[in-house]
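The residues of the chain are indexed from 1 along the displayed sequence.
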Amino acid sequence: PKVSSFPRKFWRMQYGKEKIGKYFRFYLESISIFTGFESFTALKENGIDNISLDIMLGIPSQTEDSLKQTLDFAINCKVKHISAYILKIEDGTFFDTHRERYDFPDENAVCDLYNLCSHTLEKAGFSHYEISNFAIPSYESRHNTKYWELENYLGIGAAAHSFIDGKRFYFESDTESFINGDKVIFDGFGGDCEEYIMLKLRLKKGLNIKELVSLYGENSAERIIKKALLFSKKDFFMPSFSSYAISSTFLRSSFTFSSI
């Protein structure tokens with residue numbers, strides 16, 4: 001739909017870009033940098049200036065120069081929020097079965113891309129407030145913060161997921177099933193000590209040890225206190241920048257998550 005047809009109640013727009021640049025269209029559907037500017041201009045002309053941009057790191061043929069071009073685009077467009085996700089290739093996917101066709105950056109190169117992303121955005125005034133998220137101050141994602149803080153949230157609609165009082169549930173992905181009022185599907189319990197720690201260590205503000213102990217008991221903090229790559233600030237344990245890039249490895253070695 002045209003931007004002018006959007007209800008005025010929209011206050012935030014999220015926009016996905018794997019990469020800005022002409023040579024990436026060979027790999028994934030993309031739009032040119034000129035169309036990107038036009039899209040942002042149209043949004044702003046219609047009163048929407050709280051724009052969040054998603055970008056990918058570690059995609060085929062990505063270099064520090066091409067990433068810098070993407071970041072410069074976002075900064076020049078004055079977006080308020082950027083999510084930067086490292087590409088994870090799942091078994092059996094197209095990229096997995098055709099990996100030899102593409103020039104993927106190696107792990108060291110991906111770490112360099114991540115570091116470049118963080119340093120460039122922080123220099124431009126963004127706060128690296130969560131492992132994959134950057135925001136101009138006061139524009140942090142409020143709905144995602146609810147997930148990271150293990151707060152209750154309600155999802156309404158086909159395939160929507162919810163978390164209420166420690167219970168997870170969701171609707172079937174079939175729209176007709178939702179319209180017909182079919183029952184939600186129970187998806188297990190959440191909010192245990194290890195999930196709490198894992199989510200808190202994704203956040204720049206870190207883990208409040210007193211809060212952890214009050215929720216889960218005196219023994220809950222023992223393993224986290226002994227681990228490296230964290231630093232203490234009063235009653236908080238906070239991830240250092242170097243720990244961000246290897247967070248999954250750190251968490252797997254520290255806890256018993258089946259999947260991170």
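Remark: the backbone N or O of S138 is paired with a side-chain donor or acceptor of E140 at under 3.5 angstrom. With T120 contributing its side chain and L116 its backbone, the two residues share a donor-acceptor pair below 3.5 Å. E195 places no side-chain N or O within 3.5 Å of a backbone atom of L150 that could act as its donor or acceptor partner. For the pair H128 (side chain) and I131 (backbone), a donor-acceptor distance under 3.5 Å is present. In terms of modelled atom types and a separation under 3.5 Å, the side chain of S127 and the main chain of A135 share no donor-acceptor contact. The closest donor-acceptor contact from the side chain of T97 to the backbone of F94 lies under 3.5 Å. Side-chain N or O atoms of D96 include none that pairs as donor or acceptor with a backbone N or O of I89 at under 3.5 Å. Between the side chain of S118 and the main chain of Y114, no donor-acceptor pair closer than 3.5 Å is present.
A109 and D106 get closest at one heavy-atom pair: N-OD1, 2.8 Å. When all heavy atoms of G155 and S162 are compared, the pair lying nearest together is N-OG, 2.7 Å. Closest non-hydrogen pair, L87 versus F104, comes out as CD2-CE2, 3.7 Å.
Inspection of the H81 and Y129 side chains reveals an N or O donor paired with an N or O acceptor under 3.5 Å.
Neither F163 nor F189 shares a network with the other; the hydrophobic side chains, linked directly or stepwise wherever heavy atoms of I, L, V, M, F, W or Y lie under 4.5 Å apart, form separate groups for each. Linking ILVMFWY side-chain heavy atoms closer than 4.5 Å, directly or via other members, places Y170 and Y153 in two distinct hydrophobic clusters. Put simply, Y102 and Y85 are part of the same group of oily side chains (I, L, V, M, F, W, Y) that touch within less than 4.5 Å, one to the next. Hydrophobic clustering, with ILVMFWY side chains joined whenever heavy atoms are under 4.5 angstrom apart, keeps F169 apart from I185. Under a hydrophobic clustering in which Ile, Leu, Val, Met, Phe, Trp and Tyr are joined whenever their side-chain heavy atoms come within less than 4.5 Å, directly or via other members, L154 and V184 fall into the same cluster.
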Exercise for review: For the pair R142 and E151, evaluate salt bridge (charged side-chain N to carboxylate O under 4.0 Å, His left out) and give the outcome as yes or no after the intermediate values.
Suggested key: CA-CA 11 Å; R142 290 189 289 178; E151 296 181 14; over 6 Å; no
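The OH atom of Y196 sits 3.0 Å away from atom CD of E211, with the distance rounded to the nearest 0.5 Å. Residue K200 holds its NZ atom at 11.5 Å from CD1 of I209, rounded to the nearest 0.5 Å.
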